[in-house]
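Read through the structure below, which is laid out as structure tokens, and then see the notes.
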Amino acid sequence: MTEYSKEEIKKIEEKWQQRWRDQQVYKTTNDTTKPKYYVLDMFPYPSGAGLHVGHPLGYIATDIVARFKRLKGYNVLHPMGYDAFGLPAEQYAIEHGVHPAISTAKNIDTFRAQLDRIGFCYDWSREVRTCDPQYYKWTQWIFLQLFDSWFNRNTQKAESISKLISTFEIEGNANHPFPNSEYVLPNSQTSFSSADWKSFDEHTKQGVLMQYRLAYLAYTDVNWCEALGTVLANDEVINGVSYRGGHPVMKKQMRQWSLRITEYAERLLKGLDEIDFSDSMKDIQRNWIGRSEGAKIKFILTGGKELTVFTTRPDTIFGVDFMVLAPELDLVKQITTAEHKEEVEKYLSYVESRSEIDRMAEVKKITGCFTGAYAINPFNKRQVPIWISEYVLAGYGTGAIMGVPCGDERDHRFAKHFNIPITNIIGDQYDGKEANPTYEATLSNSAFLNGIKMKEAIPIVIDKLAEMGIGEKQVNYKMRDAGWSRQRYWGEPFPVIFRDDMPYAMEEKDLPLELPDTNEFKSSGSGEGPLANLKDWIQINANEKRDSNTMPTHGGAAWYFLRYMDPHNDKEFASREALDYWNQVDVYVGGSEHAVAHLLYARLWVKVLHDQGYLNFDEPFKKLINQGKITGDSRFVYRIRGQNKFVSFGLKNQYDTDALHVDVNIVNGLELDTIQFQKWKPDFANAEFILEDGKYICGSAIEKMSKSYFNVINPDKIIENYGADTLRMYEMFLGPLEQSKPWNTSGIDGVYKFLRRFWNLLHDTTGAVNFSDDSPSKEELKVLHKTLKKIEQDVEHFSFNTSVSEFMICINELTSLKCNKRAVIEPLVIALSPFAPHIAEELWEKLGHQDTVLNATYPKVEEKYLIESTFEYPISINGKVRAKMNMALDMPKEDIQKMVLASEIIMKWTKGKPPKKVIIVPGKIVNVVL
RNA sequence: ACCCGGGUGGUGGAAUUGGUAGACACGCAGGACUUAAAAUCCUGUGGCUAGUAAUAGCUGUACGGGUUCAACUCCCGUCCCGGGUACCA
């Protein structure tokens, strides 16, 4: 006698998980004869906290897709691994003295055990760990590919550095100017000839090449976090403080590795059109890349010097009333007049003293200083003052702008604040109080542009500038190059060797450059990483040195999806055959927090590898789905201040209380289990309660799921009470995958009941297996095929919440039909198996099958059972449904119209008169207009 | 401030993208079984009004307007919630 009870579920789940492991049913081969399907989860960082119910949400979704596609005949790649390098393990090591390798391995084991209990079909033989030398050997190798590449703007592709060198030998850099226009050679030239190149010494040559490499070393303004002793990427800094820990962040110049991702800005932007990401995700990336089109304009100063600005609005050139430079520009010192020198220097030191947080907090604060210099407007020769102000950023465009107060809000504020007279070029479109950034106004006070719409004036001005040789069209991007050095221990060492202060790539045969073992994880403080403490390792010999930094975690994560294709290859990062076969990731599921970092770096690395001929695709992820976060539903108790007395929610306003988080596991709905509460913490053993209606009611709030809020629901606990299948289906049932939602266990009984009723289809009331081999009725087949079709559609659309509902409807119908026929149940077991694999396997076995249900084929939907022959047409009169008529679905429109006209209902409403119009939507509705 | 999402019963959420709003589930209420409880099963369940009742009528998808035979769905305006960006010229 077997009921679908807690004990039975446990037995079933253990039995099948064991069997799956023993028989290696999830092992995927690179069998190229079958069509492939690649379903990927964002691999987790194995934190010490373990899983809560929010973590597996995405994994359950991909697991369903993987199993479903397998039933559909695909060779499915569904791997899992660990993003194992990272800061938390290192900080744990500093605090507790446990080596990161040890704590990480331990965390991975806990993680794995928890994942296994949910019944995932990962092919664990393909597992990767980014901290494994056999893995990071190839992270280093790909880094060297970037180091050995430059971006040829003429072909819009990465090419190898050796090709660049041969070009330089023939023609210098005439056709390939420095990507960063600021760079000048020691002789203050920005270009060089073939003869120049040949005359350069080795150090200069390497310095030049460094300006082109996609992975390059340079002194850059970095986000320095003193507390963490490390540099942070832009995306790791939120509101001027560090993403982890919230420590203050300052700007600091340091020699750092960077990836020249800006060269790929256009391709990263264009690539978005070809891939299936959500609109918001594409939007975030587009925003981050921040393309804007405009013009570069050169102004001559009264003293003869030149100043170039970037503007998106060249049409407003006659409205320029001043210029503003970023205070950091070298030009500032060159143009400042003697009488303004003191003032300017004062302002510069003020700017320097401001931290990032100050600046961000006071974005609207207007500061600035006049330099004494004037620029000449090339069109009307008007002289305008040149100011400096921190609202102009050195890192964007040319670090200089032309101020057009009537059209730009910031320029307007600036002009008003410093009493700079404002020129109006848009007539009554400018009210004197607020800037109007319109493109639609007609220009006035603008000489040859008068009477022209601003929008249309833009190309006219650009043409004119080009003709005069003082300007051209220009595209700018907000995105910066990606800082790639971290002053940390627990990461990939840079596979380079410094000679004469220049880095040289290590040879492939010497990779991996293994992370040396140490117990000293603290940084040396000066801005060098902890590896600098290992003098023997850093200093190879008198002339050769290593880099003391390591790569950010983005490194290992930027290509792991490629390694899964061929994880044990020790000759290449993956074989060409495997790469060509598995190709792009068909579906990638993960959190939206990776929008601007991980996803951009992964896209970049794939593009570079593609350009270098290693891949035949240049976008890694065909489709991306961002699963929503599952938030916690916290509970509070209210302690009367100074007493060990707790007052129920409704009465708390009568006392002076403090709200304390209470463990959600000892609260039923909102009602606190006071006995459990007293046992929860020793402090509360003698707690007293002031109840309302005999109950203690808690307060509640939706918050992030976190141990410190005591609102964490552990999946193990759900599995213990209901089983993994119920957990899986309930998480899907909770709502649309992409939506964030609070966890609430109260609805789980519905799913649990469903599984029991499914089980009961095959069992009689005594619990014995009981099914019939009779042929099913037409009605039963209709239920079956309708369900099969809906499930298929829902899974294709990642609409798992509605698929669970479809199963429930199906079971309701079959139960009321008392159907226990094999021909109906067997296909349903197959369809259910991606959602609830354990119960499906068990029932599959009870139906007499030896093989795993995984090797079954998804049943074919017989459309003939779905076609309705009659339809109940709702008859709506003036938009309101008044009656229903049963008619043949294929009845000609005219006949329906005649029947409607003849019907008594219509006559009642029209009082005998024929209606004006009868609209028929076949199979939907008949609408009568009187 | 700007750019994206979103707002549907007591609750989580459906609605074939313009065609009978509220599927499915939770909760609640009533009933059956039981000595009783739990479990299970059945019935009802947006609101208002009338009726003993089956039922009928009105109203209803944040708010105000519009287009349409027909609007949760499209357009205009307002409010609220979530996410992204942070002086990017």
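So that the names make sense, note that chain A is the first sequence line, chain B the second, and so on, each numbered from 1.
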Residue mapping more 5' on RNA chain B - nearest nucleotide basis, A:Ser592 or A:Asn476: A:Ser592

Near-ring test A:Phe322/A:Phe414, centroid separation under 6.0 angstrom: yes

Ring-face cation of A:Arg313 near A:Tyr439 (centre distance under 6.0 Å, axis angle within 45°): yes

OP1 or OP2 of B:rA89 under 4.0 Å from side-chain N/O of A:Tyr396: yes

Closest nucleotide among B:rC87, B:rA23, B:rA25 to the A:Ser805 side chain: B:rA23

Touch class at under 4.0 angstrom, heavy-atom based, for A:Ile919 against every strand present: base

Find every protein N or O atom lying less than 3.5 Å from an N or O atom of nucleotides 3-5 of chain B, and list the pairs.
unit_1	atom_1	unit_2	atom_2	d
B:rC3	O2'	A:Asp283	OD2	3.1

Sugar-phosphate, base or nothing in reach of A:Leu734, heavy atoms under 4.0 Å: sugar-phosphate

Parallel, tilted or perpendicular: rings of A:Tyr347 and A:Tyr350 (30°, 60°): tilted

Among B:rC26, B:rA70, B:rC24, the one nearest A:Asn927 by side-chain distance: B:rA70

Aromatic centroids of A:Trp743 and A:Tyr730 separated by under 6.0 Å: yes

A:Gly747 vs A:Met479, nearer the 5' end of RNA chain B by closest nucleotide: A:Gly747

Integer angstrom distance from the C1' of B:rA86 to that of B:rA1: 9 Å

Touch class at under 4.0 angstrom, heavy-atom based, for A:Lys917 against every strand present: sugar-phosphate

Side chain of A:Phe733 (C-beta onward), nearest among B:rA15, B:rA25, B:rG13: B:rA25

Sugar-phosphate only, base, or nothing, as touched by A:Pro742 at under 4.0 Å among non-hydrogen atoms: nothing

Parallel, tilted or perpendicular, as decided by the 30° and 60° cut-offs, for the rings of A:Phe835 and A:Phe807: perpendicular

Sugar-phosphate only, base, or nothing, as touched by A:Ser876 at under 4.0 Å among non-hydrogen atoms: nothing

Sugar-phosphate only, base, or nothing, as touched by A:Asn801 at under 4.0 Å among non-hydrogen atoms: sugar-phosphate

Partner of A:Phe758 under side chain to side chain contact (heavy atoms under 4.5 Å, CB included), chosen from A:Leu832, A:Asp725, A:Thr815: A:Leu832

Identity of whatever pairs with B:rA14 - Watson-Crick or G-U, under 3.5 angstrom: none

Sugar-phosphate, base or nothing in reach of A:Phe807, heavy atoms under 4.0 Å: nothing

Short heteroatom pairs, N/O only, protein and nucleotides 39-41 of chain B, under 3.5 Å:
unit_1	atom_1	unit_2	atom_2	d
B:rU40	OP1	A:Arg756	NH2	2.6

